[in-house]
Every structure is written in structure tokens, then in C-alpha cells.
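This report concerns only the one structure given below.
Because only heavy atoms are used, hydrogens play no part in the values below, and waters and symmetry mates are left out as well, while side chains stay in.
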Amino acid sequence: MPPVKSRREQYSQATKAALLEAATRRFAEHGFAGTALEDVAADIQASRGAVYHHFANKTALFEAVVEALETEMIRQVVESAATETDTWKAAMTATEMFLDHCCDPVYGRVVWQEGPLALGWQRWKECEEKYAYGLIEQLIQALVDSGEVPPLPLEPMARVTFHILGGAGMALAEAPAQDKHRIKEEYSLVIRHLLSGARRQVSGPAGR
């Protein structure tokens, strides 16, 4: 049996979770520059010291928020792909779920718009690769293994796909709310078309 946590540990974890939730709202509404640690603490009726107990500074708090949002996005993408038994459909379903997430105003602003500014380009890129690149590589490997796409070099293929999806994510995050659905459908159509090009090399006349 797992060890029983003390009341103090439970309170500490609850405080940390509340800080992350409050910070997520603040960063989504006011951006990184417009968010103060005092305001995050005040939102949950805590002291600034409570914030520093869990996070070294505002950048560390922001990175924790990004990690939480990315983890949840990946979880939903994986679960959606798992509902399909066909590997091609699984990859397309995963893509749709990712694009839907990028339309979310919280995920879109925090991860895609504020992330590069708050963390710096290099650190932000590392975070994106940590959460998204590995999954993309797995999905492409599954498509290759099932014969859906030809056995092209995996790393370049995953890297190109990663950047295509990244471009779509940024575009959707920056799009006005009233245009997100339309733009998402356009990007979905283009991405499917691009990926289908590789697929036709297997299923078309040359692959028979």
C-alpha cells in the first residue's frame, strides 16, 4: 500500500495545485508580463511566500503551467488515437484532437503565444519537443510498420511533421475566436492532403 500522506503534505499539494490553476487563468488572461506572483497568490488567498515555497520564480511557475497543459493535451491525443484500430485513422484522429486543443484559448495563448516570450525560444522549443515530438515519431513508426506509408528515414519524417503541426498550432492560437473553426478545418484539410501524399506512394499504382 502507498504511504499515507500527512495532513501537511496534503495541504502543500493542494496549495500547489491551486497555484497552478490560478496561474493558468492569469497567464491566459493577462499574459506572462502582465501576471504578478502577488496576484496569483491573492487569487487563492495565499501569501507570496507560498508561491516561492513551490516555485523558484515566475518563470518556473509558468513552465509548470505549460507542462501541465502539455501533459493534458498529450493524454487526450493518446486516448483519442487509442479509440481507432486502424493506424491511419488513429493518426488522423490524433491530429484532429491536437488541432482542437490549439483552438482552446487557454492552451493556445499560454503554450503558443506566451511560451516563446516567457521561456525564450530555445527552452520553449525543448518543451515542445519533449511532449510532442516523441508522440509524432511513435505515430509515424506505427504508420510505417502497418504499411500505410513508405519506410522513409524516421527522424526527418517526424521532424517535418512536427514543424507542420507546429505551424498549424501557432496559426490557430493567433487566429481570432470567430475564425478558429474555419482555419482549423483548412489546416486539417491541408495536413491530411500532405500526409496522404506519402500514403499514396504505397497504395497507388507504383506501390502495387
Could you go through Q141 and M157, starting from their C-alpha distance and side-chain angles, then the distance that decides it, and tell me whether this counts as side chain to side chain contact (heavy atoms under 4.5 Å, CB included)? CA-CA 10 Å; Q141 186 63 62; M157 196 172 180; over 6 Å; no
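- Taking a 6.0 Å sphere around NE2 of H30, one finds it holds more than 12 heavy atoms contributed by other residues, nucleotides or ligands.
- Classified by interplanar angle (parallel below 30°, tilted 30° to 60°, perpendicular above 60°), the ring pair F62/F27 is perpendicular.
- For the atom pair I136 CD1 and Y131 OH, the distance stands at 15.0 Å (nearest 0.5 Å).
- At least one side-chain heavy atom of W88 sits less than 4.5 Å from a side-chain heavy atom of L195.
- Using a 4.0 Å cut-off between charged side-chain N and carboxylate O, E148 and K89 make no salt bridge.
- Criterion: ILVMFWY side-chain heavy atoms under 4.5 Å apart, direct or through other members. Under it, F98 and L189 are not part of a common hydrophobic cluster.
- Inter-residue side-chain proximity for K16 and F55 is flagged as met; some heavy-atom pair is nearer than 4.5 Å.
- Between W112 and E128 there is a side-chain heavy-atom pair separated by less than 4.5 Å.
- Hydrophobic clustering of Ile, Leu, Val, Met, Phe, Trp and Tyr side chains at less than 4.5 Å, counting indirect connections, keeps L117 apart from V65.
- A donor-acceptor contact shorter than 3.5 Å links the side chain of K180 to the backbone of L172.
- A salt bridge between E29 and R109 is absent, with no side-chain N of the basic residue lying under 4.0 Å from a carboxylate O of the acidic one.
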Exercise. Begin from the C-alpha positions of Y107 and E72 and carry the test side chain to side chain contact (heavy atoms under 4.5 Å, CB included) through to its verdict.
Key: CA-CA 10 Å; Y107 180 85; E72 177 60 18; over 6 Å; no
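- Residues satisfying the side chain to side chain donor-acceptor pair (under 3.5 Å) criterion with E67, sequence neighbours excluded, are absent altogether.
- In this structure, A142 and T87 approach most closely via the heavy-atom pair O-CG2, 4.1 Å.
- From L135, atom CG reaches atom CD1 of I140 across 10.0 Å, with rounding to the nearest 0.5 Å.
- The two residues P153 and P156 come nearest to each other via the heavy atoms O-CD, 3.3 Å.
- Using a 4.0 Å cut-off between charged side-chain N and carboxylate O, E185 and R182 make no salt bridge.
- Residues that satisfy the side chain to side chain donor-acceptor pair (under 3.5 Å) test with R123, not counting sequence neighbours, are E63, E126.
- Residue A198 comes nearest to P150 through the heavy atom pair O-CD, 3.1 Å, listed as atom of the first residue, atom of the second, then distance.
- Smallest separation of non-hydrogen atoms from A41 and S47: CB-O, 3.5 Å.
- Side-chain atoms of E137 do not come within 3.5 Å of backbone N or O of A158 as any donor-acceptor pair.
- Counting all heavy atoms, side chain and backbone alike, I44 lies closest to T15 at CD1-O, 4.1 Å.
- Across all their heavy atoms, L20 and L61 have their closest contact at CD2-CD1, 4.2 Å.
- Interatomic distance, OG1 of T161 versus CG of L194, reported as 9.0 Å (0.5 Å rounding).
- Interatomic distance, CD of E186 versus CG of L99, reported as 12.0 Å (0.5 Å rounding).
- Between R159 and E155, at least one side-chain N (NZ, or NE/NH1/NH2) sits under 4.0 Å from a carboxylate O, which counts as a salt bridge.
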For E129 and K125: C-alpha separation, side-chain torsions, deciding distance, then whether salt bridge (Lys or Arg N to Asp or Glu O under 4.0 Å) applies. CA-CA 6 Å; E129 292 192 4; K125 189 174 72 169; 5.0 Å; no
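- Residue L165 holds its CG atom at 5.0 Å from CD1 of I191, rounded to the nearest 0.5 Å.
- Rounding to the nearest 0.5 Å places CG of D86 at 10.0 Å from CE of M92.
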- request: Take Q76 and D100 through the side chain to side chain contact (heavy atoms under 4.5 Å, CB included) test and state the conclusion after the steps.
  value: CA-CA 11 Å; Q76 292 191 28; D100 283 341; over 6 Å; no
*Intermediate values then yes/no, side chain to side chain contact (heavy atoms under 4.5 Å, CB included), V144 and L154*: CA-CA 9 Å; V144 171; L154 179 60; 5.5 Å; no
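- A 6.0 Å sphere centred on CD of Q45 holds no more than 12 heavy atoms belonging to other residues, nucleotides or ligands.
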